[in-house]
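First up is the structure itself, then whatever we jot down about it.
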Amino acid sequence: MNGLLVRWTRRSARLAAELALVLGITSLLAFGLIALAPGDAATRLAQQRAGHPGVTEDQVASARRELGMEGSIPERYVRWLGHAVQGDLGKSARTGRPVLTELAERVPVTLSLAGLAAVVALPLGMLVGALAVMLPWRPARRGLRLTGLLAVSLPTFWVSYLLVVVLTEQLGLLPTSADGGLAGYVMPVVVLALPAVGLLSRVVAVSLREALAQPYVRAAQARGTPTVSIVVRDALPNVAGAVLNTIGLIVGGMLTGALVVETVFAHNGIGDYFVQAVNFRDLMAIQACVLCFALAFTATNRLADRLHGRIDPRVSSG
Amino acid sequence: MTASGAGRRRRTVICALPLLGFVMAGALAPVIAPYDPIANDLMASLARPSMEHLLGTDQLGRDQLSRLLYGAQASLILAAAVLAVSVTVGVVIGAAGGFLGGWPDRVALWLMDVTLTLPSLIVALAILGVRGHGSANLVLALSLTGWPPFARLARGRFVSLRRSAYFDALQVLGASRFRILFQHALPALAAPVLVYASIEIGFIVLSLAFLSFLGLGIPPPEPEWGQMLIDARPYLDSALWLALPPGLAIAAVVLASNLLAEQFATDNLPLVRLGMPRRRARMNGSTAGPYRVEELAVAFAGRKVVDGIDYRVAPGRALAIVGESGSGKTLSTLAPLGLIDATARVSGRAVLGQVDLLGGGPAIQEAVRGRRVGVVLQDARGALNPVRTVGALLDDAVRHAGVVPRGRERARSLELLKMVGLPEPESQVSAYPHTLSGGMCQRVMIALALAGEPEILIADEPTSALDVTTQAQIHALLADLRESIGMGLILISHDIAAAARIADDIAVCYAGRIVEVGPAADVVSRPDHPYTRGLLDAVPSPKAVPGTRFRTLPPAEPARRKVSACAFAPRCAHATKRCHVEEPPLQPVTPGHTSACWVRPTVARPIGYDGA
């Protein structure tokens, strides 16, 4: 009982330390991003606020304060971090509203889109990948392989255009925007899921082939292990490990896809927010989006690593 | 079923063709483009493809073919710039880490790992958002996450160079570290860098289209494929010729890159087929009898690698099949069980009890495997699934064998581990294979093979990866088990002396045939076939005078076997004319001991074991 408590404490301490490290690095990156801006960011912000190039010293000074650009760099970072911890990520230069509030409104939209796409893509990608190796007919295997690779090779916005033209403009089947209720989710989810299915199917196919080429598969055959058991027990852990290793790529692809899909299909998610921020050069908003993406990204990656350690003892022990 | 080298090369070339086309189109655009890509001609607005405009014109009357070619040029220039930066940065970081080692290497590795996990396009967008549009920023944004593959390549190259004896030798010869670095490591990097660069091209082309969509790519009116797709959007239902060529061009280039990437990832990976899931066939006639293999032949692509082999193992007896690598000894034991490559053609009979394993198709073989015939393969560590515990593997094997009632598997597993002499079986059941020594892995393999209480145990070079002491222990274990369980044992080995200590009979295999077979003591003390004697001569003897040279066999010639000749004749010191034109049959030497040799050197000049 006592030992369990000690282990639990130790584990939470390690988790906290790890989290602190990740947050530290992420915040440094997000903070440093502003430094990459050419020219004087404060002047620019003042001009953006005023809506014209002619700005007063006072306006620039207040913008400088807002951007946290007073004092030495370590000083700035500490102050910025202090604000960030309290939930103050600054105000959008475009709308004048607090960035965090705007993000909070939009996160659920992106999460629901990406979540739905993941629910579709995970089983479908695994199935297509497995069939691309196991089907007894060679042309079918090749076809599935090419389809999977093609799915990751097409520009997502073009696929969106083609879908809109055929399904909405010509057949009148689906609405193009979020106003259409659940039906408005069909096309964006399909477009988001398509490259994920392609990527997953190839990862599954390649890792399955690798797994089946392992000597332990032949050894299992040699002791009369049934095929189903070989696939489930010998091949699947390897495949699951490979899939977990690509979670980062898949999440990254979903985020990138969200930018496109939310723009084309008019869903007000973070992707759409990020694109607007980038086009307006809204520094505070860009910074906040990067922070938000980085957190989502590292969280899923850590989770994947944890799961991988559970499946494959070699990952956790060395 | 590995693809042939030529086939792979051909497929690689086909994959690379679109990339080559892309590079040519981009480089030659100013020469081959028929029109100025940004010249408007409102008279020819939205013209269909014709002889004048091969791909038609857009709403401003600009020639689409010219725009497509110049679009390739724009992507190509960007790709070249991004690759130049990525390759330089990557090679410098990777080379520094790999060559210096220590903390610079750790920093380099950490940087690579972190960068590789970043979503490239999000990073690119953040950079462009903060720094604004413009081609320099575009290059910076895409290079920032593009360098790690090149760093990894360079690091690998430099690490292996630093650790090589070759590097030490060059240093001893007085070459400067720096010169060695440039002269020996960098040129070797060129080819793999080129491969990775061609894979990156697809990503850059796709990224540029994506950035154009967000208004951050190459600004109009300069032609760019992504921008062309956006311009074509309003005309998608009326002028499809505007949207298809750029879309297909992007798809072709990116698909080619992806195909190449996968080709290199799966190079040399064999394609393994599993049997279709089916109910296991029940076998009748399990009365124990000898296991007889007769006239077994195995051919790959029409070439016979096992040619008419016979052997038999009575219950409780041990047969050793010895021979050098490639002699067909493994194939001749695994083929009857259906455990060899699916492309092989197997003929002959393999009768266990009353069942012919080769007459009943894969279902019969599957039913026999693990239950009536146990198999121990070479390389025990590789043959144990690394992600499963010893106990889980054994429980499964016991369950599939169906020898104990459900729920009692673990008790039987522990019993098996005790039988094979694994120390502390109760704690080892929860161990993973990577924590076991080679000898312990082999004991676990043997326990797995015994799970079905087989009548025959086939051990294929069970000691090949073990040290000498462990080899002896495993051999002793096999001998003990055979006696205590009373099962038949087939031991495959290249070590005739070790085989003689365990087996009752020895069959010597050469080039897919058995050339000598008989009681172990007989074969070893009175070898008849010159090949058997060659194998015995290769065994070091404790009685030999120090300084005695081994008599060794001359090296094997490339397999260009004549149909009617003794396969060993080209390496045989005693070969006569007849040996080269007529194949010798197995003839009795003494009762139960036969040999396939025309010369019979034993008869003329007996040579004893131990070189006496």
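Proteins come first, then strands; the chains are lettered A, B, ... in the order of their sequence lines, and each starts at number 1. Values below: all heavy atoms of this structure, side chains included; hydrogens, waters and symmetry mates excluded.
- The residue among B:V375, B:L128, B:N258 with the most heavy atom pairs within less than 4.5 Å of chain A is B:N258.
- Residue pairs satisfying the ring pair (Phe, Tyr, Trp, His ring centres under 6.0 Å) criterion with at least one member in residues 143-167 of chain A, sequence neighbours excluded, are listed as follows: A:F157-A:Y161, A:F157-B:F213.
- Counting heavy atoms from C-beta on, the side chains of B:L214 and A:F274 never come closer than 4.5 Å.
- Looking at every heavy atom in both residues, B:C15 comes nearest to B:A256 through O-CB, 3.1 Å.
- Residues forming a side-chain contact (heavy atoms from CB on, under 4.5 Å) with A:R218 (at least two apart in sequence, or on another chain): A:Q221, B:L334, B:L377.
- Heavy atoms closer than 4.5 Å to chain A are found nowhere in B:A451, neither backbone nor side chain.
- Of the atoms belonging to A:L150, heavy atoms from both backbone and side chain fall under 4.5 Å from chain B.
- The contact between B:A251 and chain A is made by backbone and side chain atoms together, counting heavy-atom distances below 4.5 Å.
- Across A:S229 and B:H400, no two heavy atoms sit closer than the pair OG-CE1, 3.5 Å.
- The residue among A:L259, A:N301, A:L162 with the most heavy atom pairs within less than 4.5 Å of chain B is A:L259.
- Both the backbone and the side chain of A:D234 have a heavy atom closer than 4.5 Å to some heavy atom of chain B.
- Looking only at heavy-atom pairs under 4.5 Å with chain A, the residue among B:L121, B:I122, B:D237 that has the most is B:I122.
- In this structure, B:D460 and B:V376 have side chains that are not in contact, with every pair of non-hydrogen atoms separated by 4.5 Å or more.
- Chain B forms more heavy-atom pairs under 4.5 Å with one residue of A:T263, A:L154, A:V260, A:V275 than with any other, namely A:V260.
- Under the 4.5 Å side-chain criterion, counting only non-hydrogen atoms from C-beta, B:L255 is not in contact with B:P18.
- Among all heavy-atom pairs drawn from A:A219 and B:A383, the shortest one is CB-O, 3.4 Å.
- Heavy atoms closer than 4.5 Å to chain A are found in the side chain of B:L216, but not in its backbone.
- Across A:S92 and A:V99, no two heavy atoms sit closer than the pair N-CG2, 3.6 Å.
- For residues 246-258 of chain A, heavy-atom neighbours of chain B at less than 4.5 Å comprise A:G252, A:L255, A:T256, sorted by residue number.
- Between chain A and the residues B:I230, B:D379, B:V373, the most heavy-atom pairs under 4.5 angstrom are made by B:I230.
- Taking each heavy atom of A:L194 and A:A151 in turn, the nearest pair found is O-CB, 3.6 Å.
- Every side-chain contact (heavy atoms from CB on, under 4.5 Å) that A:R281 has, sequence neighbours left out, goes to A:P38, A:R44, A:Q48.
- Scanning both residues, A:N238 and A:A211, for their nearest heavy atoms gives ND2-CB, 3.3 Å.
- Looking only at side-chain heavy atoms (C-beta outward), B:F203 and B:S120 come within less than 4.5 Å of each other.
- Of the atoms belonging to B:I458, not a single heavy atom falls under 4.5 Å from chain A.
- Proximity to chain A (any heavy atom under 4.5 Å) is restricted, for B:D396, to the side chain, taken from C-beta onward.
- Highest contact tally toward chain A, considering only B:A243, B:P246, B:G202, is held by B:A243 [criterion: heavy-atom pairs under 4.5 Å].
- Among A:V164, A:V290, A:I230, A:I286, the residue with the largest count of heavy-atom pairs under 4.5 Å with chain B is A:I286.
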